[in-house]
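Okay, structure first, notes after.
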2 protein chains.
Amino acid sequence: MVARTSFETRPCPIARSLDEVGEWWSILLLRDAFQGLTRFDQFQKSLDIAPNILTRRLNSLVERGLFEKRAYCERPLRHEYVLTAKGRDFRPVLLTLLAWGNRHLAPEGPSLVVVDTADGRWADPVLVDKETGRQLDSGGFALATGPRASDRMRQRYRFSSEGPGLPLVENGGQEEVRSR
Amino acid sequence: MVARTSFETRPCPIARSLDEVGEWWSILLLRDAFQGLTRFDQFQKSLDIAPNILTRRLNSLVERGLFEKRAYCERPLRHEYVLTAKGRDFRPVLLTLLAWGNRHLAPEGPSLVVVDTADGRWADPVLVDKETGRQLDSGGFALATGPRASDRMRQRYRFSSEGPGLPLVENGGQEEVRSR
DNA sequence: CATAGTGACTTGCATTATGCAACTAACTCG
DNA sequence: CGAGTTAGTTGCATAATGCAAGTCACTATG
């Protein structure tokens, strides 16, 4: 069996996210849903995607809870695909992809920007800690394994935290083990 | 010719980002590089990935400028794969994927968290405008096409901005056209 | 010396994923 | 009725991914 490897059974949240949206086309479908597209033909025209692939992707996103399938017409039965709360929570990922793409992949200048609607300024998206407002890349932050990390994961990261605000445990050096 | 559709020629920064890192395994390789892995066997063990795929992915990431291939040994010639500045700039995408995954895909609790190393608190990553500190999901921000957007893109977004701070132009309603 | 082990791949083959193009069904409209 | 639209389905071909074995260039050990 050589199906594409599933990351679902891994504890890493990044791997699990990719298991849900990592297939070719999925993230672009989410992008288009954020633009207000809901119908099969809208997505198809926007992306120039094969209908069999589009069907499969839409169904997958519905199954995984990012889209909700709603009837907008009964005769014939017609559905639209609407973002769920889970799907809407994906927006920061899209915005960071957008910022990265603008910075590194748009030598001719940006084609899509985040703007402040009041004064037309272009926003520069950065990640901060919600409570303190401190930038996550400013030093003082690190990744740490949480309470449900696997042993192998614990060996992979320098810090371990058993709960918010609890003292960090510092692990030994990094060993080359599998991230399961 | 039925090669996987390339998004490279599209102006959308999200699509272009996906063209660079959207292949299966690529983002997880970046994750592992952020954890300090650099060598072929480290990546292979961590991900349990086939060596032919790993070779191809590493070479692709090198070609696209996210990794740099450095010799760490001459006899035999051995290389390590090190994040470039472009690769390091991908970190916010990883962190937003992590946050989304923790929120929606970790019913058993988090296995990986961002922590404040000073007091062990768990950070809650949010996206803000760098200059004002305002959250991008708080209202008052929108996506707008930039100076290098295609005409079709302009029809797809409500706002258009020809430069930072310039007045926003409001487009007509959304038409279902192709995002090219 | 020969052998075993390690690391970085390469190769051949099999299954799955993606894409193309034609088709189908259920409608509406002239 | 035929044409057009929408939401798919189907059959087939090529690309992508994965498995497993192999190769090469070393080092270490007996």
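Values below: every heavy atom of this structure, side chains too, minus hydrogens, waters and symmetry copies. So that the names make sense, note that chain A is the first sequence line, chain B the second, and so on, each numbered from 1.
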(request) Please report the closest heavy-atom contact between A/P11 and A/R16, naming both atoms and the distance. (result) CA-NH2, 3.7 Å
(request) Scan residues 52-66 of chain A against DNA chain D and write down, sorted by residue number, each residue with any heavy atom closer than 4.0 Å; if none is found, say none. (result) A/N52, A/T55
For nucleotides 4-8 of chain C, which of its nitrogen or oxygen atoms have a protein nitrogen or oxygen under 3.5 Å away, and what is each distance?
| unit_1 | atom_1 | unit_2 | atom_2 | d |
| --- | --- | --- | --- | --- |
| C/dG7 | N3 | B/R78 | NH2 | 3.2 |
| C/dA8 | OP1 | B/Y72 | OH | 2.6 |
| C/dA8 | OP2 | B/D41 | N | 2.9 |
| C/dA8 | OP2 | B/D41 | OD1 | 3.1 |

(message) Rounded to the nearest 0.5 Å, what separates atom NZ in A/K45 from atom CG in A/L54?
(response) 12.5 Å
(message) Tell me whether the side-chain N/O atoms of A/W24 come closer than 4.0 Å to OP1 or OP2 in D/dA15.
(response) no
(message) Between A/T38 and A/R70, is there a side-chain donor-acceptor contact under 3.5 Å, judged purely by atom types and distance?
(response) no
(message) Rounded to whole Å, please give me the gap between CG in B/L18 and P in C/dT18.
(response) 13 Å
(message) Let me confirm one number: the CZ-CG distance from A/R148 to B/L112, rounded to the nearest 0.5 Å.
(response) 15.0 Å
(message) Are B/W25 and A/F7 an aromatic pair, judged by ring center distance below 6.0 Å?
(response) yes
(request) Please check if any side-chain donor atom of A/N52 sits under 3.5 Å from a side-chain acceptor atom of A/T55, or the reverse. (result) no
(message) With nearest nucleotide decided by heavy atoms, which residue, B/E74 or B/W25, maps closer to the 5′ end of DNA chain D?
(response) B/W25
(request) Give a yes/no on whether any side-chain N or O of B/R75 is located under 4.0 angstrom from OP1 or OP2 of D/dC26. (result) yes
(message) If I take atom CG in residue A/L47 and atom P in nucleotide C/dT18, what distance separates them, rounded to the nearest angstrom?
(response) 14 Å
(message) Whole angstroms only, please: what is the CZ-C1' distance between B/F7 and C/dT18?
(response) 11 Å
(message) Just verifying a value: how many Å separate B/T84 OG1 and B/D89 CG, rounded to the nearest 0.5 Å?
(response) 8.0 Å
(request) Scan side-chain atoms only and decide if A/R91 and B/T96 contain a donor-acceptor pair under the 3.5 Å cut-off. (result) no
(request) Looking only at side-chain atoms of B/A50, point me to the closest of D/dG18, C/dA26, D/dA20. (result) D/dG18
(request) Take atom CG of B/D48 and atom P of D/dT17, then tell me their distance rounded to the nearest Å. (result) 16 Å
(request) Take atom CD1 of A/I49 and atom P of C/dA21, then tell me their distance rounded to the nearest Å. (result) 16 Å
(message) I'd like to know if B/D129 and A/R121 make a salt bridge, using a cut-off of under 4.0 Å between side-chain N and carboxylate O.
(response) yes
